[in-house]
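Here is the naming used below: chain letters follow the sequence lines, and residue numbers restart at 1 for every chain. Just so you know, these numbers use all the heavy atoms, side chains as well, and skip hydrogens, waters and symmetry mates.
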2 protein chains.
Amino acid sequence: MLNNLTNHIKKFVKLDEADEELINQAVTIKSVKKKTFLLQPDHICRELYFVSKGCLRLYFINKKLNEQITQFAIENWWMSDHGSLESGKPSSYYIQAVENSEVISISKLKLEELFEKAPQLERYFRIVQQRAFTASQKRIEYIYSMSDEERYRHFSSLFPDFIQRIPQYMLASYLGFTPQFMSKIRAKKV
Amino acid sequence: MLNNLTNHIKKFVKLDEADEELINQAVTIKSVKKKTFLLQPDHICRELYFVSKGCLRLYFINKKLNEQITQFAIENWWMSDHGSLESGKPSSYYIQAVENSEVISISKLKLEELFEKAPQLERYFRIVQQRAFTASQKRIEYIYSMSDEERYRHFSSLFPDFIQRIPQYMLASYLGFTPQFMSKIRAKKV
DNA sequence: GGTATTTCTTAATCTTGATTCATTTTTTGA
DNA sequence: TCAAAAAATGAATCAAGATTAAGAAATACC
């Protein structure tokens, strides 16, 4: 649904019909089945993805050859490898659909064109980017101020619905510990 | 030096003389002595600080009553508590000068006025914000993929000059471990 | 509907880095 | 310049969570 994107933008800045039209022409809708990759290592990331339905994850393979998830994106979140997108260098990440999803995709190039034609988007992305940064900082704060167990309980209480949607091992990965440890603390819970 | 700010902005977007004038009128220069606080807990953060000389740190007091540093800002970096700035709620952070510093300060209010008068700034802050987010994500990646010792050695090799500027215990705090552990790995180094 | 693959659990042992407490070294400021 | 405060070091003990290795339970798919 294209509307999901423009509706989200309109929560932050004003768009007239011409703007909406421009945006809708610049983006493409993709249906992605569970486990499909939108980005793989050694590829240059050239697009940003807005999740209109479903769930994506961003992860890399660490030295111990385990998947390390660094981000999830659900409805109304953007997902991309901004590092690769900016630098034009190959990514070291995977972006993969965790559920059958619908994403609205826009290339970096088209986005830059859009910034010229609809300058309010510049503001929208500034705001969205700032929120993303604040959230990321908050996450670092949590990492450094809670134990793994505390972080698990904290996350569960903040996002009870979300933890139902994804396999436990993915949450363990996102929170930075092993599935075994996750089982241990869940067992304790009783 | 006001020029430090406008020069930095001009690395990302074009400014004409009128823009520069507007910016210079909106900001104020502050000389801050080492250990001076620019923000303390329970205060609402209403400003953003651009470091034109010196070094600031952002930290909070964790449950164990230790200082936990989450960010440093040196020359040409912005520092603020975006969470408090955005929400208008009291901060739980300290922003403190680590060295005698010169900061260029702008209030959230004035900045919003500036966005109207000089829309290129919207782009500048979008770009700066995006870089900050990318850096923050990169940091989370490091936290989750290296041991504390590895992270210390990695950081030291990336920023050899910076580690000379700050006390070791502050670096230990930023990297998320104790000064004692830091001593241990430094001793090993020989 | 049954087999194969994924996901989750349990338990024993091992490691990294925290804690505690004491001492030394360096820096600061009157 | 010298006393006091701040910062760094060292060593012994402890704890959180990793690792390894099974096995059990769910889910997916043919």
Side-chain angles (χ1 to χ4, degrees), chain A residues 33-37 54-55 57 59 61-69 72 94 96-100 142-156 162-190, chain B residues 32-37 54-55 57 59 61-69 72 94 96-101 142-156 162-190:
Chain A
K33 278 209 192 119
K34 191 170 169 175
K35 298 197 180 171
T36 306
F37 292 103
C55 179
R57 64 174 178 147
Y59 71 94
I61 304 295
N62 67 19
K63 287 178 197 157
K64 291 166 197 155
L65 303 181
N66 296 320
E67 293 177 359
Q68 177 59 58
I69 298 175
F72 289 106
Y94 297 85
Q96 189 192 38
V98 174
E99 302 170 350
N100 295 331
Y142 291 147
I143 291 173
Y144 282 147
S145 63
M146 299 183 193
S147 68
D148 287 3
E149 179 169 353
E150 284 170 328
R151 233 154 353 94
Y152 164 72
R153 299 198 187 284
H154 181 250
F155 191 90
S156 306
F162 179 67
I163 64 167
Q164 304 295 351
R165 281 173 73 168
I166 55 163
Q168 284 177 38
Y169 77 92
M170 286 195 191
L171 182 56
S173 167
Y174 178 77
L175 292 174
F177 50 74
T178 60
Q180 290 88 329
F181 182 64
M182 179 106 164
S183 270
K184 208 165 165 179
I185 51 188
R186 281 168 54 86
K188 225 159 61 167
K189 208 170 188 175
V190 182
Chain B
V32 284
K33 278 208 191 120
K34 190 171 169 172
K35 296 196 181 175
T36 305
F37 292 103
C55 179
R57 64 174 178 147
Y59 70 94
I61 304 295
N62 67 19
K63 289 178 197 161
K64 293 165 197 157
L65 302 181
N66 296 320
E67 294 177 358
Q68 176 58 58
I69 298 176
F72 290 105
Y94 297 85
Q96 189 191 36
V98 175
E99 304 170 349
N100 295 331
S101 306
Y142 291 146
I143 291 173
Y144 282 147
S145 64
M146 300 184 192
S147 69
D148 286 4
E149 179 169 355
E150 284 170 330
R151 234 158 349 99
Y152 164 72
R153 299 199 189 285
H154 180 250
F155 191 91
S156 306
F162 180 67
I163 64 167
Q164 304 294 352
R165 281 173 74 167
I166 57 162
Q168 283 177 36
Y169 78 91
M170 286 194 190
L171 181 55
S173 167
Y174 177 77
L175 292 174
F177 50 75
T178 59
Q180 290 88 331
F181 182 64
M182 179 108 165
S183 270
K184 211 166 166 181
I185 49 186
R186 282 166 54 87
K188 225 160 58 168
K189 208 169 185 172
V190 182

Specify the angle, to 10°, made by the local axes at the two ends of the helix from C:dG1-D:dC30 to C:dA30-D:dT1 when five pairs are taken at each end. 60°
In 5'-to-3' order, the base (B), backbone-only (S) or no-contact (-) status of each nucleotide in nucleotides 21-30 of chain D, using a 4.0 angstrom heavy-atom cut-off, is B---------
Excluding sequence neighbours, so at least two apart, what forms ring-ring contact (aromatic ring centres under 6.0 Å, His included) with B:Phe181? B:Phe177
Taking only Lys NZ, Arg NE, NH1 and NH2, and the carboxylate oxygens of Asp or Glu, determine whether B:Glu150 and A:Lys63 approach each other closer than 4.0 Å. yes
I'd like to know whether the aromatic ring centres of B:Tyr59 and B:Tyr174 sit less than 6.0 Å apart in this structure. no
Any side-chain N or O of B:Arg186 below 4.0 angstrom from OP1/OP2 of D:dT9? yes
When you measure from the side chain of B:Gln168 to the backbone N and O of B:Pro179, does any donor-acceptor pair fall under 3.5 Å? no
Below 4.0 Å from chain B heavy atoms, what is the first contacting nucleotide of DNA chain C and what is the last? C:dG17 to C:dT28
Salt bridge check, B:Arg186 against B:Glu149: does any charged N sit closer than 4.0 Å to a carboxylate O? no
With sequence neighbours left out, what residues match A:Lys64 under side chain to side chain donor-acceptor pair (under 3.5 Å)? none
Applying side chain to side chain contact (heavy atoms under 4.5 Å, CB included) to A:Leu171 and A:Tyr152, what does each step give before you reach the verdict? CA-CA 9 Å; A:Leu171 182 56; A:Tyr152 164 72; 4.1 Å; yes
Measuring from atom CG of A:Asn66 to atom OG1 of A:Thr178, what distance do you get when rounded to the nearest 0.5 angstrom? 9.5 Å
Taking A:Arg57 first and then A:Glu67, would you say they form a salt bridge - that is, a charged N and a carboxylate O separated by under 4.0 Å? yes
Is there any protein nitrogen or oxygen under 3.5 Å from a nitrogen or oxygen in nucleotides 14-18 of chain D, and what are the pairs?
from, atom 1, to, atom 2, distance (Å)
D:dG17, OP1, A:Asp148, N, 2.6
D:dA18, OP2, A:Thr178, N, 3.4
D:dA18, OP2, A:Thr178, OG1, 3.2

Checking A:Phe155 against A:Tyr142 for the side chain to side chain contact (heavy atoms under 4.5 Å, CB included) test, could you report, in this order, the C-alpha distance in whole Å, the side-chain angles of both residues, the deciding distance, and whether it holds? CA-CA 10 Å; A:Phe155 191 90; A:Tyr142 291 147; over 6 Å; no
Donor-acceptor contact below 3.5 Å, side chain A:Asn100 vs main chain A:Lys34: yes
Side-chain donor/acceptor of B:Asn62 to backbone N/O of A:Ser145, under 3.5 Å: no
